[in-house]
Amino acid sequence: MNIFEEYIKKITDLIIKNQKSLNLDNLNDLKGIVVENPPVEFNFDLSCNAGLLLGKINRINPIELSNKIRDLILKELKDFEKVEIAGPGFLNLKLTSESLILNINKILKDKEYFGKKATNNNYNIEFVSANPTGPMHVGHCRGAIYGDVLANLLKFNGNKVTKEYYINDYGNQIKNFAKSVFLRIREIKYNEKFISNEDLYPGEYIKDIGKKIIELNKNEKFDDFDQSLTLLKKQSLKHSMELIKSDLKKLGIEHDIFFSETDLVEKKLVDKAINQLKKNNYVQEGFLEAPKGESDKTWKKTKRLIFKSTLFGDDTDRAMQKNDGTWTYFANDVGYHMDKVNRKYKYLINVLGADHTGYTKRITAAVSALSENKVKLNCKVCQLVKLYKNGKPFKMSKRAGDFISAQDLLNEVNKDSIRFMMLNRSNDVEIDFDFDKVLEKSKDNPVFYVQYAFARISSIFRTLKIDANEKINLDSNEFSLNENETKILRKIFEWPKIVETASSKYEPHKIPFYLYELATLFHSYWSKGNKNERFKFIDDGKIKKNETLAIIILVSIVIKRGMNILGVSLPDKM
RNA sequence: GCGCCCUUAGCUCAGUUGGAUAGAGCAUCGGUUUUCUAAACCGAGGGUCGUAGGUUCGAAUCCUUCAGGGCGCGCCA
């Protein structure tokens, strides 16, 4: 239930019914009618722009029209005790005690399902997909948490969600990775010096993997790289995926499917995808020009298969084959996405890091081509996480091996704070992640603030010896809310809308912002009791007003659900 | 040269898709604890919403111009 949508419908219906008496010739713009919360200082529950909007297209003075609508509302709908016109012609509406009670009781009944918008679509979210050449770094954490919470949101609204990880376990980088492990093994076993170059992975974790592989293959001499390659690839990959999975688990993230690029190639899915695209002439043989702005001497203008992604909004067509005729990374990814399309998801979402911005158009184009525009891939790019340490920017580079890994972070900061912090920002903007500040376990951290509000509520429940399931009888004859309770209730009414927007626009950051605001209102109310006995909730071990208890329970329901979507824990005591 | 993202208070950011006097946190200054948890609360100051135009009753929000910052621009993955 969304109170705003409910009244949009009621008011719109009322206007349609009374079109004649309102002198409205034109009802074209009815979809633009919104009901929302007015600015706090007006002290109303709802506001509506119907008069403004319809006045405009029917050339009627909006205030005049709003007055007529107001009379209608008061006469026909029994839900409001007061309706006023304000500003350029807004209708401000105040609900009666009866309708407030009705709405409160609905939420108390819905409990943790309050705010759920019943939809039933089939989503696939691909996220993290960090290269299996080493552990996750801090940047991956952001995409990981973003994808996970997005999945939680969509699931909460009744959708089916498959969380997927694409393992890039094919191609040169894996060979280089295996080579690095090989050289580290030689270093450990035969004391040969590990000399790094830009193709190799120098990180310490390579030694750990090397040690494990030595342990598992006591009879293996590791004399010849080519001979050991198959074994090294297989076992190194296994170990690095274990590292990644363990990091993910510590962050509270679990994927449903791990999809291997090697499997994809071996099952000839790439060939199938390309054949399918050939049928429509989306893939043809041709030549590509060298990229502009760079004079690349190594550019070889030779005939090869090319995907005409410009037909689907890309800036340039893309090569499917390398010089040696093998598939490009992109070609493999096209094969992978054909598989996703064939699995009949209604919506595909890819969560990518900022370094993949240039990639989104071509893969989106590929999905459009593969599905004949039936499936839309939505690529969400998470901007950089900029690390600061000792006041200086901290560079991350997997190759250099001096990156801050997810592990480093998790060793110092708890998962709750990491999750909340990574989400407390839109995915479109960079995050300044001050490592030192996080290490301080600073009290500025908003996650504590929300958790603390919940802990306080739990403390009230303990004192009253009840829980959030307590039955409450609200009597409209004596029903009255004080200023603080009204503010909180209005904020509670917003929750379904927040969930709706966060979920439909893929903007999970709206959840932590909302929870913070709700917590602020609660803390503020709580503290009133310090100054003035009148505002204390409890007297002699009993709740003073049932209304108060209802409001407190509503707050606890929403905070609990919200933090549950974020995957952040809520202690009863702090 | 091209593409994507960003530009709102001293700093870090929200801003319900075009609405009312643009909001939080941090920082600064000043207050609040015989308590249902002070990890909290209250108050004050702080703004040309990057620039210049356009669209209309109405723009931080939509369109265009320009400037600044970030990421990317393989036939690497």
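Reminder, nothing fancy here: chain letters follow the sequence lines and each chain counts from 1. Just so it is clear, the model here is predicted, and its values are computed rather than measured.
Contact annotation for A:Asp540: no contact, since no heavy-atom pair falls under 4.0 Å across all strands. Using a 4.0 Å heavy-atom cutoff across all strands shown, A:Lys56 reaches at least one base atom of the nucleic acid. Using a 4.0 Å heavy-atom distance criterion, A:Ala319 is classed as a sugar-phosphate-only contact. Contact annotation for A:Pro38: base contact, defined as any heavy-atom pair under 4.0 Å involving a base atom. Within 4.0 Å (heavy atoms only), A:Ser524 reaches sugar-phosphate atoms of the nucleic acid but no base atom. Using a 4.0 Å heavy-atom distance criterion, A:Leu464 is classed as making no nucleic acid contact. Contact annotation for A:Tyr359: base contact, defined as any heavy-atom pair under 4.0 Å involving a base atom. The residue A:Phe42 sits close to a base: some heavy atom pair falls under 4.0 Å. As judged by a 4.0 angstrom heavy-atom cut-off over every strand, A:Lys510 is placed among residues touching the sugar-phosphate backbone only. Nucleic acid contact class of A:Asn532 (heavy atoms, under 4.0 Å, all strands): none. Within 4.0 Å (heavy atoms only), A:Leu52 reaches at least one base atom of the nucleic acid. At a threshold of 4.0 angstrom between heavy atoms, the contacts of A:Glu517 with the nucleic acid are absent.
In the set B:A40, B:U32, B:A39, B:A39 carries the atom at the smallest distance from any side-chain atom of A:Phe448. Set against B:G70, B:A20, B:A24, the side chain of A:Tyr516 has B:A24 as its closest nucleotide. Considering only the side chain of A:Ala354, B:C71 comes nearest among B:C36, B:C71, B:U12. Taking every side-chain heavy atom of A:Trp299 into account, B:C75 is the closest of B:A40, B:C36, B:C75. Nearest nucleotide to the side chain of A:His523, out of B:C57, B:A38, B:C41: B:C41. Listed nucleotides B:G19, B:G70, B:A77 differ in distance to A:Asn49; the shortest reach to its side chain belongs to B:G19. Comparing atom distances between the A:Arg425 side chain and each of B:C13, B:C75, B:U16 picks out B:C13 as nearest. The side chain of A:Asp432 sits closest to B:C13 out of B:C13, B:A38, B:A77. Nearest nucleotide to the A:Gln173 side chain, out of B:A77, B:U35, B:A40: B:A77. The side chain of A:Ile460 approaches B:C36 more closely than any other nucleotide in the set B:G74, B:C36, B:G15.
For the C1' atoms, the distance from B:U8 to B:G1 is 31 Å, rounded to whole Å. Across B:G46 and B:G10, the matching P atoms stand 11 Å from one another, rounded to whole Å. Of the P atoms belonging to B:A39 and B:U35, the separation is 14 Å, rounded to the nearest Å. Look at the P atom in both B:U16 and B:A22: the space between them is 15 Å, to the nearest Å. Nucleotides B:G19 and B:G30 place their P atoms 40 Å apart, quoted to the nearest Å. For B:C11 and B:A27, the C1' atoms lie 7 Å apart once the distance is rounded to whole Å. On the C1' atoms, B:G15 is 9 Å away from B:U61, given to the nearest whole Å. Only the P atoms considered, B:U12 is 16 Å distant from B:G69, to the nearest whole Å.
Screening A:Asp317, A:Thr316, A:Asp315 for a side-chain hydrogen bond (donor to acceptor under 3.5 Å, both in side chains) with A:Thr310, the sole residue that qualifies is A:Asp317.
By the 5.5 Å and 30° criteria, A:Phe90 is stacked with the base of B:A20.
For B:C2, neither phosphate oxygen OP1 nor OP2 lies less than 4.0 angstrom from any side-chain nitrogen or oxygen of A:Thr316. OP1 or OP2 of B:C41 sits under 4.0 Å from a side-chain N or O of A:Tyr449. Between A:Trp526 and B:A38 there is a side-chain polar atom (N or O) within less than 4.0 angstrom of OP1 or OP2. Note on A:Lys528: every side-chain N or O is 4.0 Å or more away from OP1 and OP2 of B:U32. Between B:G74 and A:Arg318, no contact under 4.0 Å exists linking OP1 or OP2 to a side-chain N or O. Remark: A:Tyr329 is not in phosphate contact with B:A77, judged by side-chain N or O atoms under 4.0 Å from OP1 or OP2. One finds a side-chain N or O of A:His509 lying less than 4.0 angstrom from the OP1 or OP2 phosphate oxygen of B:G15.
A salt bridge is defined here as a Lys NZ or Arg NE, NH1 or NH2 lying under 4.0 Å from an Asp or Glu carboxylate O, and A:Lys536 with A:Glu533 meets this definition. Note on A:Glu494 versus A:Lys497: no salt bridge recorded, every NZ/NE/NH1/NH2 to OD/OE distance being 4.0 Å or above. A salt bridge links A:Glu483 to A:Lys487: one of the charged nitrogens lies within less than 4.0 Å of a carboxylate oxygen. A salt bridge is defined here as a Lys NZ or Arg NE, NH1 or NH2 lying under 4.0 Å from an Asp or Glu carboxylate O, and A:Lys301 with A:Glu289 meets this definition.
The aromatic rings of A:Tyr166 and A:Tyr336 sit parallel to each other, their planes meeting at less than 30°, with 60° as the upper class boundary. Ring geometry, A:His509 versus A:Phe513: the interplanar angle exceeds 60°, so the pair is classed perpendicular (tilted spans 30 to 60°).
Looking at heavy atoms from C-beta onward, A:Glu470 lies out of side-chain contact with A:Phe461 at the 4.5 angstrom threshold.
Residue side chain A:Ser47 reaches the base of B:A20 through a donor-acceptor N/O pair under 3.5 Å, judged by distance alone. Residue side chain A:Arg304 reaches the base of B:C75 through a donor-acceptor N/O pair under 3.5 Å, judged by distance alone. In the interface, the side chain of A:Asp355 is not paired with the base of B:A77 through any donor and acceptor atom under 3.5 Å apart.
If A:Phe537 and A:Tyr170 are placed on RNA chain B by their nearest nucleotide, the residue sitting closer to the 5' end is A:Phe537. Taking the nucleotide of RNA chain B with the nearest heavy atom to each of A:Glu289 and A:Asn530, the more 5' of the two is matched to A:Asn530.
Whole-Å rounding puts the A:Leu521 CG to B:G25 P distance at 11 Å. Whole-Å rounding puts the A:Asn427 CG to B:A14 P distance at 10 Å.
Taking the six-membered ring for Trp and the full ring otherwise, A:Tyr449 and A:Tyr516 have centroids separated by under 6.0 Å.
A:Gln173 and A:Asn131 share a side-chain donor-acceptor pair at under 3.5 Å.
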Heavy-atom protein contacts under 4.0 Å, nucleotides 4-10 of chain B, coded B base, S sugar-phosphate only, - none: -SS----
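Scanning all heavy atoms of the two residues, the minimum distance from A:Ile8 to A:Ile33 falls at CG2-O, 3.7 Å. In this structure, A:Tyr165 and A:Ala130 approach most closely via the heavy-atom pair OH-O, 2.7 Å. Of all heavy-atom pairs spanning A:Leu384 and A:Arg142, the tightest one is O-NH1, 3.4 Å. Looking at every heavy atom in both residues, A:Phe493 comes nearest to A:Pro496 through O-CD, 3.3 Å.
Taking syn as a glycosidic angle within 90° of 0, B:U33 qualifies as syn.
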Under the 3.5 Å Watson-Crick or G-U criterion, the dot-bracket string of RNA chain B, with | for inter-strand pairs: (((((((..((((.....[...)))).(((((.......))))).....(.(((..]....))).))))))))....
